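Reading through the structure tokens given below for one structure.
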Amino acid sequence: MPEKVISVNELVKSYSDITAVNGISFSINKGEVFSLLGPNGAGKTTTVEILEGVRNRTSGDVAVLGEDPEMSKTLIFKLGILPQDFSFIYNSTPREALNFYKGTLKASGDVGEILEMVELTDKATTPFQKLSGGQKQKLGLALSLVNDPEILFLDEPTSGLDPRARRNIWSVIKTLKGRGKSILLTTHYLEEAELLADRVAIMNKGKIVDSGTPMEIVERHHEEDNLIIRGDGQVESLMAAGGYKFQREGAYIKVGLKSIREATEIINYLYERKANFEDFTLKRESLEDVFVRMVGEIGEEDEAE
Amino acid sequence: MKLSRVSAYFVLHAKSYMRSRSALFFQIAFPIILILLFGAIFSGSSYSPTSLVIQNESPSAASWGVIGAINDSGLFKVQILPESQNLSQYIDAHSVQAALLVPANFTENLYGGGTGVLVLKGHTNPTVASADYETLNGILTQINFKVSNTSQRLVLSSQVALGNTGKTIDYYVPGLIGFTVLSTMFNMVYTVPNYRRERLFRQLSFSGLTKSEWITANMMFSFLMLVVSDIILVVIGIYAFGASLTLNVETILVSAVIIFGGLFFFTSVGILAGLVSDNEETVSVVGNLVMFPMMFLSGVFFPLSFAPAYLVTISKFLPLTYFINSLISVLDYGNISSVSIQIVYLLIGSAIIFAIAVRLFSWKQK
């Protein structure tokens, strides 16, 4: 049985007029990357902040490394936290910020090494306000690593970053995963979760609507895979003659598949009849496709109600 | 509270602060500008004569004798306006603050055994008009004594003095020290809502720093900066403007305790004021609402003896009044024993306000 580092049971956070988190339950195992996915306002950040101890809950049970974050005064020293919209004192430099964290957390980590890991060495003495968005985010990530934490909370770590900066942060997260760190990752980017997370939970309107590995979720919710063929009217005629249902989309012919095996049959069928198709691709539904449909459906159901 | 965390934040804050030109300006340069300004205005005891336009409509030995006495007093810079000009129009056209009219019937009334009446005119504020009136009246009283060949039997010898030399700058040095301490409150009024808006308290809490440690580190740094700026104020006051302060080990230590008590108090008030400010507009309103009445009603910039009775009553409810009075007593008169109770009250009051501020000041997200 894997060791649980975070347990959440029937967690509720209500404000006077809304319920931001509505009775969610989940757990995170040691060394696991667990991702909370959801649209804006789903309750992800509220959940994470309750786990970090910076926000009090209305009801439910929460245990982080066996402690209640709302009550514990020592838990913070075992956590690494990169909050959403990370900000720091405007005139402080990354090196000063890291030295400050090192001093307060009584950490033994090497500031130079951490700066190098997040590729901020050349900006070590640049005041925070003069750093780019990506560099600021890297500093936030660096600060979360100073105390070599047991659990990392990364709330939208790559939000608003360019592809290169995003890949750099993914690389750091992969390294941390390789070192066996437990990570709670919230993100808007489904490809990020698919790439980094062992398990994900999809939140919408304060509730978890599904959870599991990205593959499990796709399998559970995907509707159909498609075979996309680039071909002319001859191909279209052969497909019709063969009794296959398809749609013309510009230069492409899109065929809905009952199974992946059917793709092989269609390609063989066309090949044997010397069809003029230039290329083909198999398009499987991604986590993002499933997510958009799930969140959209839930939204539509709510509107219908 | 862990001193290691306090010192870690102290170092971080100090380095960040030293990069902020505006912060350094308000902490160091602004008080220097103020003391240079006040020192230049009130430096030394040299008296700058007031301009006085005089029109003599009754030329005679008596009237010219009075005008000569006024001129010889050195208290007025006399300018004679010819009879041909209209005095009222001249006052309006030249914004004359003080003018003296010797009316046409002056000599006749005087030689006829009556009273020679002089008329003071001009456009000025009540305080200046009153001072000019009293000064001229004093000169006329002296002339009356000479004319009636009697001597003044009751004499008031003025030995009213602040400090040892009685210079106005002696009053302003402790006042400006009070101002520097008061301005630390303004820092908090701005910092607290700004840090909340930028979620910096949340970020600092991830470092393990507590709110008490944050306040303590801020106060320690402010105290250090106050010591630096106040030493500069005292040095400028003494060496540039000849201020005479009672400086010895005892008065310096007691002044440091008063400054620390004031800092303790005003930082806490600043935190409380900052807690009710949730955007930039209210920050400015709350900051000015708290700071300016206290600054002007507590005797920082002028003695409250000038103020009407109701303002003096209000000032008695302002902590800065006691703070300034304590500093004046210690630095100008070396009088420690008379302020010891005030200092104890200041420290107790500060501790209570500090406890309330810490209690209400939450780093948690709502």
Side-chain angles (χ1 to χ4, degrees), chain A residues 13 15-16 20 45-46 48-50 52-57 69-70 73-107 125-130 136 139-140 143-147 149 152-153 155, chain B residues 1-27 187-188 190-218 220-222 225 280 358 361-366:
Chain A
K13 176 65 185 178
Y15 299 97
S16 56
T45 296
T46 304
V48 171
E49 287 183 345
I50 289 168
E52 292 164 352
V54 296
R55 201 181 283 275
N56 293 343
R57 62 186 181 271
E70 204 169 303
K73 289 187 185 323
T74 54
L75 183 61
I76 198 75
F77 296 96
K78 301 172 197 167
L79 307 179
I81 299 168
L82 168 61
Q84 195 180 33
D85 305 325
F86 165 74
S87 185
F88 203 72
I89 298 164
Y90 278 6
N91 285 321
S92 297
T93 68
R95 187 178 293 283
E96 288 165 2
L98 286 162
N99 278 325
F100 161 64
Y101 264 56
K102 195 179 166 183
T104 52
L105 295 168
K106 293 220 177 270
T125 55
T126 305
F128 181 76
Q129 60 184 332
K130 291 185 179 168
K136 285 176 180 171
L139 173 61
L143 290 176
S144 72
L145 302 175
V146 172
N147 55 336
L152 272 156
F153 291 96
D155 194 357
Chain B
M1 187 181 294
K2 293 261 183 187
L3 273 180
S4 60
R5 290 203 290 261
V6 173
S7 65
Y9 185 74
F10 180 93
V11 171
L12 179 80
H13 179 58
K15 286 180 175 174
S16 166
Y17 193 94
M18 290 302 168
R19 285 194 195 98
S20 168
R21 287 179 187 166
S22 61
L24 282 175
F25 173 80
F26 281 106
Q27 186 73 51
N187 292 343
M188 280 296 162
Y190 275 97
T191 301
V192 169
N194 183 34
Y195 272 40
R196 275 166 68 198
R197 195 172 51 251
E198 296 288 328
R199 295 184 155 204
L200 289 175
F201 288 133
R202 178 189 62 172
Q203 190 59 42
L204 290 174
S205 74
F206 297 154
S207 73
L209 193 75
T210 65
K211 58 185 179 182
S212 306
E213 289 162 353
W214 180 78
I215 297 170
T216 305
N218 265 292
M220 282 171 62
F221 181 73
S222 294
M225 294 306 290
E280 282 181 24
V358 170
F361 180 36
S362 173
W363 280 21
K364 288 215 173 192
Q365 303 294 122
K366 286 181 184 168

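What you see is a predicted model, and the numbers here were worked out from it, not measured in a lab.
Chain B forms the most heavy-atom pairs under 4.5 Å with one residue out of A:N91, A:T74, A:N99, and that residue is A:N91. Ranking B:H13, B:K15, B:K2 against chain A, the residue ahead of the rest is B:K15, based on heavy-atom pairs under 4.5 Å.
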Test log, rule salt bridge (charged side-chain N to carboxylate O under 4.0 Å, His left out), inputs B:R202 and A:E49: CA-CA 10 Å; B:R202 178 189 62 172; A:E49 287 183 345; 3.0 Å; yes
Output, in order, the C-alpha distance, side-chain angles, deciding distance and verdict of side-chain contact (heavy atoms from CB on, under 4.5 Å) for B:Y195 and A:I89. CA-CA 9 Å; B:Y195 272 40; A:I89 298 164; 3.7 Å; yes
Between B:L204 and A:F100, does the side-chain contact (heavy atoms from CB on, under 4.5 Å) criterion hold? Intermediate values first, please. CA-CA 10 Å; B:L204 290 174; A:F100 161 64; 3.8 Å; yes
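If you measure heavy-atom distances from A:K106 to chain B, the contacts under 4.5 Å come from the side chain alone. Looking at A:Q129, neither its backbone nor its side chain comes within 4.5 Å of chain B, counting heavy atoms on both sides. For chain B, the nearby parts of A:T93 are the backbone and the side chain; heavy atoms of each come within less than 4.5 Å. Only the side chain of A:F77 comes within less than 4.5 Å of a heavy atom of chain B; its backbone N, CA, C and O stay farther away. For B:L12, the parts lying near chain A are the backbone and the side chain together; criterion is any non-hydrogen pair under 4.5 Å. For A:L79, no part lies under 4.5 angstrom from a heavy atom of chain B. When heavy atoms are compared at a cutoff of 4.5 Å, B:Y17 does not approach chain A at all. Neither the backbone nor the side chain of A:F128 comes within contact range of chain B; no heavy atoms are under 4.5 Å apart.
B:Q203 has its side chain within reach of A:L143: a pair of non-hydrogen atoms, C-beta onward, lies under 4.5 Å apart.
Listed here is the closest heavy atom pair of A:L105 and B:G208: CD2-N, 4.3 Å.
Atom CZ of B:F26 sits in a sparse spot, with 12 or fewer heavy atoms from other residues, nucleotides or ligands closer than 6.0 Å.
Under a 3.5 Å cut-off, the side chain of B:S207 and the backbone N or O of A:T104 do not form any donor-acceptor pair.
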